[in-house]
Structures are given as C-alpha cells and as structure tokens.
Amino acid sequence: QVAYLSKNGEDKNVWMIFTKVYRGSLLKYKFTNLIANLLNVSSVPLMLNVIVDNSSRGIAEKIIVEQIRTSNRNMTYSFYNIDYCAKIVNDIVEVMSHFFSKPGSYYSDVLFYISLGLHRIAPKSQKHAILMDCDVFFKRDISLLFDEFQRFKDTALFGLAPELSPVYRHVLKLYRSKHNNTTFGNYYHWNATSDPNIPHSRGFQGYNSGILLLKLDAIRSSEEFKFLLKKSAVQTLTERYNFKQGHLGDQDFYTLIGNEYPHLIQTLNCGFNKQLCTWWKENGYSNIFDNYARCDHKIVVLHGNCNSKIPKS
Ligand code: UDP
Ligand code: MN
C-alpha cells in the first residue's frame, strides 16, 4: 500500500526547494534535469516533496508530469507552499539570520534555513528525508545515499558531506590566528581509504548542505538540538569561533555544530556531494584549493554549485 517504502521499511523521501522561478531561468532547467535524472537513476520508487511558491508550483508540476510520462517510471509527489513553511520555521529563521545573514534579506533567509525546521514541515510519517539542491546530478543509484542512514552512529541527526573549498579556512581566519593548533578549517586529504567518521582528527573543512540527510524522527525528539537552535546557544557558538562573515545559510550552522558537537552529524564521504565550483581557486586560494577539492571516493553525486556546468558523461 505504501509503495515508496523499501524492503527495510525506510521511506524514500526526497525534498527540494523550487522557488523564485521565472521563464527561462536556470533553476527551471536544473530542476527538469534533476527530475529526469532521478527517475532514470533510482532503483526504488521515490516520494518527492517540493517546496514551491505560488508561481513555481504549476511549473514544477508540469515538469514532473512530463518527465514521468516520457521516462515510463513513476514517483509520488506533493507540494508545500513556502509561505506556509516560513510560518512553521519562523522562530528558527529569525535566530539564524541574526547571526549568519546580512540584515534585510528575509525572504531568501527562509530558503536558506528551512532545513533546520524540516522536521516540523514534513509529515510525521516521514522518518527519514534527503533534502537536495536542484543543481545536483546522480551518477549512481540514489539508494546508495539512502543506505547511508543505516551507517549513522546512534547519536547522529544529520548526514552531510564535506565542503570541498577553503571557504571555512577563509571565514575562520581570525579564530585560526588565535588558535594555532586547531584543525578547524584545515583540509582533510580525502582519499578512498579515509574514514570520515574519525571526526576531524587531521582537518575539518566544514560541511556542504547541497545534499542533506535528515533523521527526522530523531531530530523531532532531540532536546539537545532544540537547545542548539536557541539564540543564546547560537550566540555562544558564533562568538567562540569569531564567526561573523558566514553567508552560506544552514551549512554555516552545520559546520559549527560539526566541530563542536560532532556526535550530532554523520560525515558522508565526498563522493556523495562532489562540488564543482572553483571560485576559491581563482580568488586567493590557488595554492591550496586542490587539497580541499580532492576526492578519490566513488562519485555518486555531482554538485554544480555556483552555477558550474555538470559534465553528463
Ligand atoms: N533556490 C531556489 N530559488 C532560488 C535560489 C535557490 O529555490 O532563487 C534553491 C534551489 O533548490 C537551489 C538551492 O536553493 O538548488 C541552493 O541554491 P544553489 O544550488 O544555487 O546554491 P549553491 O549550491 O550554488 O551554493
Ligand atoms: Mn547547489
């Protein structure tokens, strides 16, 4: 009866945000590619959950229906209105944007922090979810990503792969100058044998939230996470790391949590979110960029962040 439950009873919920879309916009093109890609690459039926605004809903539905028709595969889908979501996560967005955003950009802020309240938005029946950017491409079966939930340590609420640029080395410059021995902001040297769950021993590059695994039931019942979302807790964290110039939304928060409370986050290997943006290579970090971007793991997901072109072969 519930067709999108896998053999182990785990629900295959995929979440995307698809808002502020206009005719001919890049995002529409990315979304179309991703839906086609997911239908093609998934060995399991997916439950797609799309957060939309009034004008993007129709566009999204048309794309999904068309891609289902031409692929001869199926997926279940439902839509959530961004204004409805914004109300549900309002308190979280207010706290986070105070510390991590420039003032006066509230509407975009909702998009950037929605993942931190997704456990309130998602139906209670959803125990797991994967929230993904629209600019990703699966080279291999998405069930490989769902399988990662089984590897979560008991205490983990979220799963993220590392940020593959020196952005946090940059943002943490002041903190690093005062703490010479810190590994926070160092590169990790990812290779095929490295174990991502010996946390941050050699270096911690921070996390990228383009692919985010959420253990929704555990998040809902976590008193610790509830505490960490409070203004006082975020203030303590950002002051401890002199973290003032963040600008990457939720992933700034996951990065700080990852350093301070590593038990809450499962580090996925870099092959689950291989970012392609090279902006930092051309902007001051040409000498060390490659150490951050290096990834010798099997590539499951490519992430065309900062509008990078994704090679399809
Ligand atoms: N997004 C959106 N509308 C926008 C911009 C972004 O819905 O106008 C969503 C979309 O899901 C997108 C995600 O926010 O994939 C993050 O943006 P993007 O992937 O462009 O950021 P990057 O990965 O380059 O930092
Ligand atoms: Mn992206």
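Reckoned from all heavy atoms, side chains included, excluding hydrogens, waters and symmetry mates. Indexing begins at 1, ligand by ligand and atom by atom, following the structure's order.
At least one heavy atom of Cys306 sits under 4.0 Å from some atom of ligand 1.
For atom 13 (C) of ligand 1, the protein comes within 4.0 Å by at least one heavy atom. Atom 4 (C) of ligand 1 is flagged as protein-proximal [any protein heavy atom, distance under 4.0 Å].
Within the listing of ligand 1, atoms 8 (O) sit less than 4.0 angstrom from a heavy atom of Lys20. Close contacts of ligand 1 with Asn305, meaning ligand atoms under 4.0 Å from a residue heavy atom, involve 22 (P), 23 (O), 24 (O). Residue Phe18 has at least one heavy-atom neighbour below 4.0 Å for each of these atoms of ligand 1: 7 (O). Near His303, meaning under 4.0 Å from one of its heavy atoms, ligand 1 places the atoms 23 (O). Near Asp133, the atoms of ligand 1 lying under 4.0 angstrom from a non-hydrogen atom of the residue are 13 (C), 15 (O), 16 (C), 19 (O), 23 (O).
When only interatomic distances are considered, the shortest N/O to N/O separation between Cys134 and ligand 1 falls below 3.5 Å. Checked against a 3.5 angstrom limit, the closest N/O atoms of Leu111 and ligand 1 fall outside it. By the 3.5 Å distance cut-off applied to N or O atoms, Asn307 is not counted among the residues near ligand 1. At least one N/O-N/O distance between Thr19 and ligand 1 falls below 3.5 Å. Considering both main-chain and side-chain atoms, Leu27 never comes within under 3.5 Å of ligand 1 through any nitrogen or oxygen pair.
Between Asp154 and Lys215 there is no salt bridge, since none of the side-chain N atoms of the basic residue sits less than 4.0 Å from a carboxylate O of the acidic one.
The number of protein N, O or S atoms lying under 2.8 Å from the Mn ion (ligand 2) is 4.
A donor and an acceptor atom, one from each side chain of Asn49 and Gln126, are located under 3.5 Å apart. Between the side chains of Asp141 and Ser43, at least one donor-acceptor pair of N or O atoms lies under 3.5 Å. Between the side chains of Asp252 and Thr255, not a single donor N or O lies within less than 3.5 Å of an accepting N or O. Using modelled atom types, one finds a donor on one side chain and an acceptor on the other under 3.5 Å when comparing Ser115 with Tyr254. No side-chain donor from either of Glu163 and Tyr292 sits under 3.5 Å from a side-chain acceptor of the other. Side-chain contact check for Tyr207 and Thr267: at least one donor-acceptor pair (N or O, by modelled atom type) lies under 3.5 Å. Using a 3.5 Å distance cut-off with no hydrogens or angles, the side chains of Asn54 and Asn81 do pair a donor with an acceptor. Donor-acceptor pairing under 3.5 Å is recorded for the side chains of His303 and Asp133.
Listed by first and then second residue, the salt bridge (Lys or Arg N to Asp or Glu O under 4.0 Å) pairs involving residues 266-283 are Lys281-Asp290 (not counting sequence neighbours).
Between atom 19 (O) of ligand 1 and the options Leu34, Asp135, Leu131, the minimum heavy-atom separation is to Asp135.
Without hydrogens or angle criteria, Thr182 side chain to His179 main chain gives no donor-acceptor distance under 3.5 Å.
The single protein non-hydrogen atom nearest to atom 9 (C) of ligand 1 is Ile17 O, 3.8 Å, given as residue, atom name and distance.
Around the CG atom of Asn181, the shell of radius 6.0 Å holds no more than 12 heavy atoms that belong to other residues, nucleotides or ligands.
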Item to check | Intermediate values then yes/no, salt bridge (Lys or Arg N to Asp or Glu O under 4.0 Å), Arg240 and Glu260 | outcome: CA-CA 10 Å; Arg240 180 164 304 152; Glu260 192 76 13; 2.4 Å; yes
